[in-house]
Amino acid sequence: MKNNRIIETFGLTKAFKGGAKQFVLSDLNLYVEQGEIFGYLGPNGSGKTTTIKLLLDLIRPNGGKATLLGLDSRADSVAIRARVGYLPGDLSLWNGQTGEHVIRYFARVRGSDSHSFAAELAARLSFDPTKKIRSYSTGNRRKLGLILAMMHRPELLILDEPTNGLDPLVQQTFTELMREAQAAGQTVFLSSHQLSEVQAICDRVGILRDGKLLSMQHVSSLTKAGFRIVTMTLRDAVPAGLLAGMPTVEALTTADHTVQFRLTGDFDPVLRAMNGAYVRNIEVKEPTLEEVFLTYYSEAPAAGQMKVEAK
Amino acid sequence: MWGSVFVETLRQGWRTALYWTIGMGMIASIVVLFINDASVLQQYAQLMESMPPFLLSMFGGADIEFMATPDGYLATRYFSFIMLFFAFYAVTAGMNITANDEDAGIMDMFMSLPVRRWQVVLEKTLAYAVLVSAIILITMLLQVASVAAVPDVGFTVGRVIESNLNLLPSLLVVLAVSGLLGAVIRRKSTALALSALFVVGSYMVDVFAAAMPDLLAAIKPASFFSYIAATDVMKTGLIPGNIALLLGVAVVALVAAMWRYERRDIGM
């Protein structure tokens, strides 16, 4: 296991027909290191769940391979699943059973005595396990899923949209649980749409689009690298064509006395191009993960182009 | 852990099995208690005699003399077609092996546990085989109790027991084939439709082959109903060759289901 890589994929490829369209997760190469919280980002249909299902051997690749905990995802799938906790994006269970019964059943199948930790998790998530599954709201089903995924203290947690449907207070508890899991040496691989959540708890992120991994970087460097959001307030009305056509200025918008743009280079050429316009204020922001994310989806990358941060 | 899925399947399935047992037990008992004097059998034999040979064959044969006996009555009025009712339960149980949970999205979560797919198929099939056996045995006991309640009619208790037990191998075939279809086909509705077609088609082949032997004799062996041979079993007892063949088919279908489910994508 190179550098304690808990998850590593090598050219993982899966093609299948979803409706009338052919979907392809192609040539996926990513890694997750021990003890880190890795965020897997992408819009609906980008291949996040497909990747997770491949990792768990629920579906089989057309090409490439994956290792989890140093074991082959296909040949050693049972040994892997004994050490992994999984929360699917859309959790379904037997409606006629109680949450408590399902917790006990899963513990029996795992051959583990995890009831005390399950009870602790239920208390922290304010979850009542005595009710039937059919009576649980979306949020409560999510809580049950988290308990089932975490109760045996697995080395690796694979969570597909874990906070969907959770209220803000429970989301806070979830963040704490993830931090505690990380402190205990557990590794977390989570897919999410909630970029603020990813930014708050993840160490690194992978960004996926149309079945291709576009970027894999530390959250901090992802938001720092590349560009800044600049807002300038002028004393007079913004002259027509100001800053237009500059190679380092993108997404330029103007309104009355304000000009806003993404700056991908130095400030000096911009200041020179102001032609003596009186600038009252300059505001410079690092982009949020959401702004970075949107940048990835508004630009088609060149074929084979992927940003991977050097170690 | 081995056995967990088996026990849980029994736990989740016993209530439905109980309802089926009550229903089938009532039918089995009523059919027996309906004959409280020999004149009913005479009327029944006369009715059969008036039928054209084509229809008579469809009702289980041309042996009017045997059909006029209590055992013959049970063979043609109960054991020849009751399998269709039992088969509904077996098909439902077969769908429960993988198809229903996969259709509901439960398999995504469940197969993230450290358990082999073939093990899930095996343990669930064995659990439903136990439930199917329990339904047959309890139904048999209720029918035997009904037979005991009308001692003057003259049923042969041993043959009644054998005829009930004779249904079990065929039910296991239906269970295993339905399980196989669920394991092979990802769409539950398609698997269910094909399972129903398997049962009803087998019945139709058996009935029409009996009525038109010259035309359909060649395809009769393809119907599992032809190995139930209710009239023959009531006359002469269990037919070991048929039982072995049906159990063999059930085992082959089970192994094929385990093999296929181990290899295909789940929940796509």
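Note on naming: letters A, B, ... go to the chains in the order of the sequence lines (proteins, then strands), and numbering restarts at 1 for each one.
- Using a 4.5 Å cut-off between non-hydrogen atoms, the part of residues 252-263 of chain B that approaches chain A consists of B:E262, B:R263.
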A:K53 and B:D108: CA distance, side-chain angles, deciding distance, side chain to side chain contact (heavy atoms under 4.5 Å, CB included) verdict: CA-CA 8 Å; A:K53 286 187 172 186; B:D108 271 13; 3.2 Å; yes
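- With sequence neighbours excluded, the residues that form a side chain to side chain contact (heavy atoms under 4.5 Å, CB included) with B:I106 are A:S92, A:W94, B:D101, B:A104.
- Contacts between A:S112 and chain B at a heavy-atom distance below 4.5 Å are absent for every atom of the residue.
- Residue contact with chain A, scored on non-hydrogen atoms closer than 4.5 Å, involves the backbone and the side chain of B:V5 alike.
- Within the structure, salt bridge (charged side-chain N to carboxylate O under 4.0 Å, His left out) pairs that include any residue of residues 106-120 of chain A comprise A:R108-B:E8 (at least two apart or interchain).
- B:F110 has its ring centre less than 6.0 Å from the ring centre of A:Y105.
- In terms of heavy-atom pairs under 4.5 angstrom with chain A, the leader among B:M1, B:R117, B:M107 is B:R117.
- The stretch residues 127-157 of chain A places A:G145, A:L148 near chain B, each with some heavy atom under 4.5 Å from a heavy atom of that chain.
- Each of A:L56, A:L93, A:I80 has some count of heavy-atom pairs under 4.5 Å with chain B, and the biggest count is that of A:L93.
- Heavy atoms of B:R264 lying under 4.5 Å from chain A belong exclusively to its backbone.
- Atom OG of B:S112 is separated from atom CZ of A:F106 by 6.5 Å, given to the nearest 0.5 angstrom.
- When all heavy atoms are compared, the tightest approach of A:R81 to B:L113 is NH1-O, 2.9 Å.
- In this structure a side-chain-to-backbone donor-acceptor pair under 3.5 Å is missing from B:R116 to A:V78.
- No more than 12 heavy atoms of other residues, nucleotides or ligands lie within 6.0 Å of CZ in B:F88, so this atom counts as exposed by the packing criterion.
- A salt bridge between B:D265 and A:K14 is present, with a side-chain N of the basic residue lying under 4.0 Å from a carboxylate O of the acidic one.
- The neighbour count for A:D90 CG, taken as heavy atoms of other residues, nucleotides or ligands under 6.0 Å away, does not exceed 12.
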